[in-house]
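Read through the structure below, which is laid out as C-alpha cells, and then see the notes.
Because only heavy atoms are used, hydrogens play no part in the values below, and waters and symmetry mates are left out as well, while side chains stay in. Residue numbers start from 1 in every chain, and the chains themselves are labelled A, B, ... in the order their sequence lines are given, proteins ahead of strands.
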Number of protein chains: 2
Amino acid sequence: MLPSMTPPRGSGRRLSADDWIQAGFALLADGGPNALRIDRLCERLNVTKGSFYWHFTDMQGYRSALVEAWGSLHDQSRRAFEDMHDVDPRERLAVLVRTLVVPQHWALERAMRVWALTDEAVLASVQRSDRRVLRAVRQAFVDYGFEPEDAALRSAVVFATVVGLLHASDSTGEAPQELPERFLDFMLRP
Amino acid sequence: MLPSMTPPRGSGRRLSADDWIQAGFALLADGGPNALRIDRLCERLNVTKGSFYWHFTDMQGYRSALVEAWGSLHDQSRRAFEDMHDVDPRERLAVLVRTLVVPQHWALERAMRVWALTDEAVLASVQRSDRRVLRAVRQAFVDYGFEPEDAALRSAVVFATVVGLLHASDSTGEAPQELPERFLDFMLRP
DNA sequence: ACCTGAACACCGTTCAAGT
DNA sequence: ACCTGAACACCGTTCAAGT
C-alpha cells in the first residue's frame, strides 16, 4: 500500500494549532468555559499533554488563541454580509437570521457570552462582534426603505430576539423550520 | 503538672468552625479570593484536611459560612453606630472614618470587593453593608445640622473617598495619622 | 466529638527521550 | 518537527482508623 495522499485524517495525523482551537470550540459548545481543560482536549485529539505544550506555551496562551480565533471567525461572517449590499435586503436579513439561529452555533455563542462574564478579552470580542452584526442588520432595514430611527429600533428588536433565543432555548433546540421567515415578515411590516 | 484551665490555646487545642472562619479572613486579607484553599487553611491551623471536612461539608459550604460571618461582623458595627445617636455627630463621623480606615481591615475589605465580582452572594453582602454605612454617615451629617440634600451629597463623598482609599492605597499602607481629622474638618465646612 | 493518615481524582506544567 | 511517558505540584474529597 502506498502512503495516502490525503494528509488531514482524524487518526494518525500530526496536529496543527488550529486542530486544538477547533477542539476547544467543541468543548466550549457542549460544556461551557469550565469544560476547557487540557485533559479533555487531549482525549478528543488522541494525544498526550506534552503535545499541547508543544503548540502552546500554557493554558493562558491557548485561551488567548481561542478568543482570537473566535473573533476572526466572526470577522469573516461580517465580511460576508458586507459583500451583500447588492443583494435584496429581505434576503440579506433572512441570511443573517438563519446564520445566527443555526443550532450548531448556539452552544458556542452561549458559552462565549458566559465566558465574557469573567474574562475581559472575551467580553471585548463579543461586544465587537455584536456591534458589527447589529450594524449590518440596521443597514438592511435602511436599504429596505425604513427611516434611520425606525431601522435602528427594528434592528435592535431583531438582534435582541436572536440573542434572547440563544439563552432561553433548551439546548435540545428543535428549531421550528419556518419561524425565521414569519419573524422577518413581522419585523418588516410597514 | 495539672491540665491548664485556659482552653483557647493556639497549639494543642481542638478547633471550632469559627477558627476556620478567622483563618479564612486572614487568607483572604493577604492573598485575595484565590488564596482561599483548604491546604493553606490547614497549614495555618496546624491540622490536616480531614479536620476541615468534619466542620464543613465542602468548600462551597465553607465559602457560604465565610460570607455570612463577614456579613454578621458588619451588622455588628452597624449596630454600634446606631447606638450612637446621643453622641456628638462630629465624634460619630470620626469614629466611622477611623473604623473604616484601619489598615488592619483594608485588605479584607478589598478582597471581599474583588470576590464580589464573581460571586452573587458576596456582592449582595457587600452592597448591604455599604448601604448601612452610607445611611449612618448621612444621618450624622443631618444631625450635625446640614439639610437632607446637602447631607446626602457630603456623605456620598465621604463614603466614596473611603472606598477609593481602599483600592488606591498600596498595601504597605503607612496611613497618615492626622489625615482623618483634617478630612472631616473639610467635609464639615458649612 | 474531633482529628490523622493515606488514598484518590483532577488538573496544569516540565522534560528527557523517542520518531 | 511533533509527540510520548513519566513525573511533579496543587487541590478538593473520602474514609477507615485513632483518641
Side-chain angles (χ1 to χ4, degrees), chain A residues 1 3-4 6-24 26-28 30-67 111 115 118-119 121-122, chain B residues 1-24 26-28 30-67 111 115 118-119 121-122:
Chain A
M1 284 188 178
S4 166
T6 62
R9 230 10 290 138
S11 45
R13 277 301 297 124
R14 251 58 207 256
L15 298 178
S16 68
D18 190 61
D19 290 321
W20 290 94
I21 299 294
Q22 295 307 320
L27 279 185
L28 275 174
D30 61 53
N34 288 330
L36 211 58
R37 308 279 168 184
I38 299 178
D39 305 48
R40 309 203 199 178
L41 287 168
C42 292
E43 217 172 302
R44 234 167 204 288
L45 296 171
N46 286 311
V47 286
T48 58
K49 291 173 170 183
S51 173
F52 176 90
Y53 283 94
W54 192 90
H55 291 284
F56 305 94
T57 72
D58 58 10
M59 197 56 192
Q60 183 157 349
Y62 174 70
R63 287 209 186 90
S64 303
L66 244 193
V67 173
W115 193 2
T118 58
D119 187 307
V122 176
Chain B
M1 282 187 177
L2 300 177
S4 168
M5 281 192 59
T6 62
R9 231 8 292 137
S11 45
R13 277 300 299 126
R14 250 60 205 256
L15 299 178
S16 67
D18 191 61
D19 291 321
W20 290 93
I21 299 294
Q22 295 308 319
L27 280 185
L28 275 174
D30 61 52
N34 287 331
L36 210 59
R37 308 278 168 184
I38 299 178
D39 305 48
R40 309 202 197 178
L41 287 169
C42 292
E43 217 171 300
R44 236 167 202 289
L45 296 172
N46 287 313
V47 286
T48 57
K49 291 172 170 186
S51 174
F52 175 90
Y53 284 94
W54 192 90
H55 290 285
F56 305 94
T57 73
D58 58 11
M59 197 56 190
Q60 183 157 350
Y62 174 70
R63 289 210 186 90
S64 303
L66 244 192
V67 173
W115 193 3
T118 59
D119 188 308
V122 177

Nucleotide forming a Watson-Crick or wobble pair with dT4(D), both distances under 3.5 Å = dA16(C)

Shortest non-hydrogen separation from G32(B) to A111(B) and the atoms involved = CA-CB, 4.2 Å

In whole angstroms, the gap separating P of dG12(D) from CE of M59(B) amounts to 5 Å

Residues H55(A) and L15(A): closest non-hydrogen pair is CE1-O, 3.1 Å

Which nucleotide in the list dA1(D), dG5(C), dG12(D) gets nearest to the side chain of W54(A)?
-> dA1(D)

A35(A) and L27(A): which non-hydrogen atoms are nearest, and at how many Å?
-> O-CD1, 3.6 Å

For the residue pair W20(A) and S51(A), what are the closest heavy atoms and their distance?
-> CZ2-OG, 3.3 Å

E43(A) has an atom CD; how far is it from atom P of dC11(C), in whole Å?
-> 10 Å

Kindly indicate whether the side chain of R37(B) and the base of dC11(D) share any N or O donor-acceptor pair separated by less than 3.5 Å?
-> no

Between K49(A) and D58(A), does at least one N-O distance fall below 4.0 Å, as a salt bridge requires?
-> no

Rounded distance (Å) that lies between atom P of dG5(D) and atom CG of N46(A) | 12 Å

Do the side-chain N or O atoms of Y53(B) get closer than 4.0 angstrom to the phosphate oxygens (OP1, OP2) of dT13(D)?
-> yes

H55(A) vs dC3(D): side-chain N/O to OP1/OP2 distance below 4.0 Å = yes

Under 4.0 Å: is that the gap between some side-chain N or O of R40(B) and OP1 or OP2 of dC10(D)?
-> no

Can you check the N34(A) CG to dG12(C) P distance for me, whole Å?
-> 11 Å

Of dC3(C), dT13(D), dC3(D), the nucleotide closest to the side chain of S51(A) is dC3(D)

For D39(A) and dT13(C), give me the distance from atom CG to atom P, rounded to whole Å.
-> 11 Å

Over how many whole Å does the gap from F56(B) atom CZ to dC2(C) atom P extend?
-> 12 Å

Separation of atom CH2 in W20(A) from atom P in dG12(C), rounded to whole Å = 12 Å

Check whether the side chain of K49(B) and the base of dG5(C) form a donor-acceptor pair under 3.5 Å.
-> no

In terms of the nearest nucleotide of DNA chain C, which residue is placed more toward the 5' end: I38(A) or F52(B)?
-> F52(B)

What is the base-pairing partner of dA9(D), counting Watson-Crick and G-U wobble geometry with both distances under 3.5 Å?
-> none

Given atom CZ of R14(A) and atom C1' of dA1(D), what is their separation to the nearest angstrom?
-> 7 Å

